[in-house]
Amino acid sequence: MIYIVEDDRNIQEIELFAMKNSGYEAAGFETAKEFYCALDRRLPELILLDIMLPDEDGMSILCRLRARADTRHIPVILVTAKSSEIDKVKGLDSGADDYIAKPFGVMEMIARVKALLRRSGQGKESAQLVCGCVTLDREKRMVFVDGKPVDLTYKEFELLRLLMKNQGIVISRDVIMERVWGSNFEGETRTIDVHVRTLRHKLGEGGALIKTIRNVGYMVDTTS
């Protein structure tokens, strides 16, 4: 998922069209408030961030992103009409990974997004995820605990995959519900709790890696 924060609707539509045409899932936001609400629901793989926004300066948003544990490593490309060297340096020093000045070519933007995703390792999920004694093989859709295979249902596998991909990060119940069950699912979040309980049981000693964060959600943690 790529998030595009751009208050000019015409430019935003061009960026959205380019990203979706290149095979990426993308969502656009005209204000910082909308963007922050989306972050609470789902974290993106990359952010295209305009500097001049109506409710908060893009530089301020960038500083907030780099201060948060769950967003500090998300690649950010600044997109702005400001093109002087000092503006570029300021943006990069504030934590931006790349910089595109308006007006820009669509092909250049796509190339920069692809290059940054490759550099950050976000373009392709690792075939294997390892947390403690638990190994998840994405391509074979198999899970092992201390080398022994564990039989999981589709939802259990996707739940574990989401938690292991975000090791050390708390994933809220709402985010888990959307990412694993889909935004159209009308069930209760208790469904998640039941699946986590079953998943822990199936993983045996590996189940202890899944931590409950009261009133928030779950996370995979190997530090304790």
Side-chain angles (χ1 to χ4, degrees), residues 1-56 58 61-62 64-66 68 70-83 91 95-127 129 138-139 141 154-155 157-159 161-162 165-166 169 171-172 174-186:
M1 170 64 80
I2 294 174
Y3 281 174
I4 297 169
V5 190
E6 170 62 67
D7 65 321
D8 187 315
R9 184 161 297 184
N10 290 329
I11 294 177
Q12 184 189 121
E13 287 179 354
I14 291 172
E15 292 175 326
L16 283 170
F17 179 80
M19 291 299 100
K20 292 177 179 179
N21 233 27
S22 299
Y24 298 107
E25 189 180 358
F29 311 96
E30 295 182 23
T31 65
K33 182 179 179 180
E34 294 174 351
F35 170 62
Y36 290 137
C37 289
L39 279 182
D40 291 335
R41 295 192 301 269
R42 179 177 180 180
L43 295 177
E45 294 175 300
L46 181 143
I47 298 167
L48 286 163
L49 177 62
D50 184 34
I51 288 183
M52 305 298 290
L53 295 168
D55 56 342
E56 184 177 354
I61 294 175
L62 179 60
R64 287 174 181 260
L65 290 171
R66 293 303 179 238
R68 284 176 49 169
D70 60 341
T71 61
R72 67 177 53 149
H73 299 301
I74 297 176
V76 176
I77 298 178
L78 288 180
V79 183
T80 178
K82 295 182 177 181
S83 58
D97 298 276
D98 203 350
Y99 197 108
I100 301 177
K102 301 175 184 177
F104 55 83
V106 172
M107 296 305 294
E108 178 193 1
M109 180 188 68
I110 294 172
R112 287 179 179 270
V113 167
K114 289 182 176 179
L116 184 51
L117 286 173
R118 283 197 302 270
R119 292 200 304 271
S120 66
Q122 297 290 330
K124 183 177 180 181
E125 182 182 331
S126 175
L129 299 172
R138 180 179 58 85
E139 295 179 349
R141 293 196 67 83
Y154 178 83
K155 293 299 185 186
F157 183 92
E158 291 301 315
L159 173 58
R161 176 180 170 184
L162 174 64
K165 277 175 60 178
N166 296 279
I169 298 174
I171 310 296
S172 72
D174 288 341
V175 170
I176 293 173
M177 184 65 73
E178 181 179 341
R179 298 289 293 275
V180 178
W181 276 267
S183 57
N184 295 324
F185 183 74
E186 296 181 354

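Sequential numbering from 1 along the given sequence is applied to the chain's residues. Only a predicted model underlies this, so the values are computations on that prediction, with no experimental measurement involved. Just the heavy atoms: all of them, side chains too, but no hydrogens, waters or symmetry mates, feed the values below.
Salt-bridge formation is detected for the pair E158/R161: a Lys NZ or Arg NE/NH1/NH2 atom is positioned less than 4.0 Å from an Asp or Glu carboxylate oxygen. Salt bridge annotation for R112-D98: present, with a cationic side-chain nitrogen under 4.0 angstrom from a carboxylate oxygen. Ion pairing of R66 with D97 is present here, as a side-chain N (NZ or NE/NH1/NH2) and a carboxylate O approach within less than 4.0 Å.
Atoms CD1 and CG, from I51 and L78 in turn, are 5.0 Å apart once rounded to the nearest 0.5 Å. Distance check: L116 CG to L46 CG gives 5.0 Å after rounding to the nearest 0.5 Å. Here the CD1 atom belonging to I77 is positioned 8.0 Å from the CD1 atom belonging to I2, to the nearest 0.5 angstrom. Taking CD1 from I110 and CZ from F104, the interatomic distance works out to 10.0 Å, rounded to the nearest 0.5 Å. Interatomic distance, CG of L16 versus CD1 of I4, reported as 4.0 Å (0.5 Å rounding). Taking CG of D8 as the reference point, atom CD of E13 lies at 9.5 Å (rounded to 0.5 Å).
For the pair D40 and R68, the tightest heavy-atom approach, listed with the atom from each and the gap, is OD1-NH2, 4.2 Å. The two residues V106 and A18 have their closest heavy-atom pair at CG1-CB, 3.5 Å. Scanning both residues, F35 and I47, for their nearest heavy atoms gives CZ-CD1, 3.6 Å. Residues R141 and F157 share a closest heavy-atom pair of NH2-CD2, 3.1 Å. Between E30 and L53, the shortest heavy-atom distance links the atoms O-CD2, 4.1 Å. What you find for A96 and L62 is that their closest heavy atoms are N-CD2, 3.6 Å.
With hydrogens and angles ignored, the 3.5 Å screen pairs no side-chain donor or acceptor of E34 with any backbone N or O of F29. No donor-acceptor pair closer than 3.5 Å links the side chain of N166 to the backbone N or O of I171.
The shortest side-chain heavy-atom distance between V79 and M109 does not fall under the 4.5 Å cut-off. When side chains are defined from C-beta on, R41 does not count as touching D174, because their heavy atoms never get closer than 4.5 Å. Taking the side chain as every heavy atom from C-beta outward, P44 and L39 approach each other to under 4.5 Å. Residues E15 and I11 form a side-chain contact, since some pair of their non-hydrogen atoms from C-beta on lies under 4.5 Å apart. Side-chain contact check for K102 versus M52: every heavy-atom pair is 4.5 Å or farther apart. Between L117 and E45, some side-chain heavy-atom pair lies under the 4.5 Å cut-off. Between K114 and Y24 the shortest side-chain heavy-atom distance falls below 4.5 Å.
Screening V5, I61, T31 for a side chain to side chain contact (heavy atoms under 4.5 Å, CB included) with Y36, the sole residue that qualifies is I61.
Residues that satisfy the salt bridge (charged side-chain N to carboxylate O under 4.0 Å, His left out) test with E56, not counting sequence neighbours, are R64.
Remark: F17 CZ is loosely packed, at most 12 non-hydrogen atoms of other residues, nucleotides or ligands lying under 6.0 Å away.
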Given side-chain contact (heavy atoms from CB on, under 4.5 Å), test L129 with R138 step by step and report yes or no.
-> CA-CA 8 Å; L129 299 172; R138 180 179 58 85; over 6 Å; no

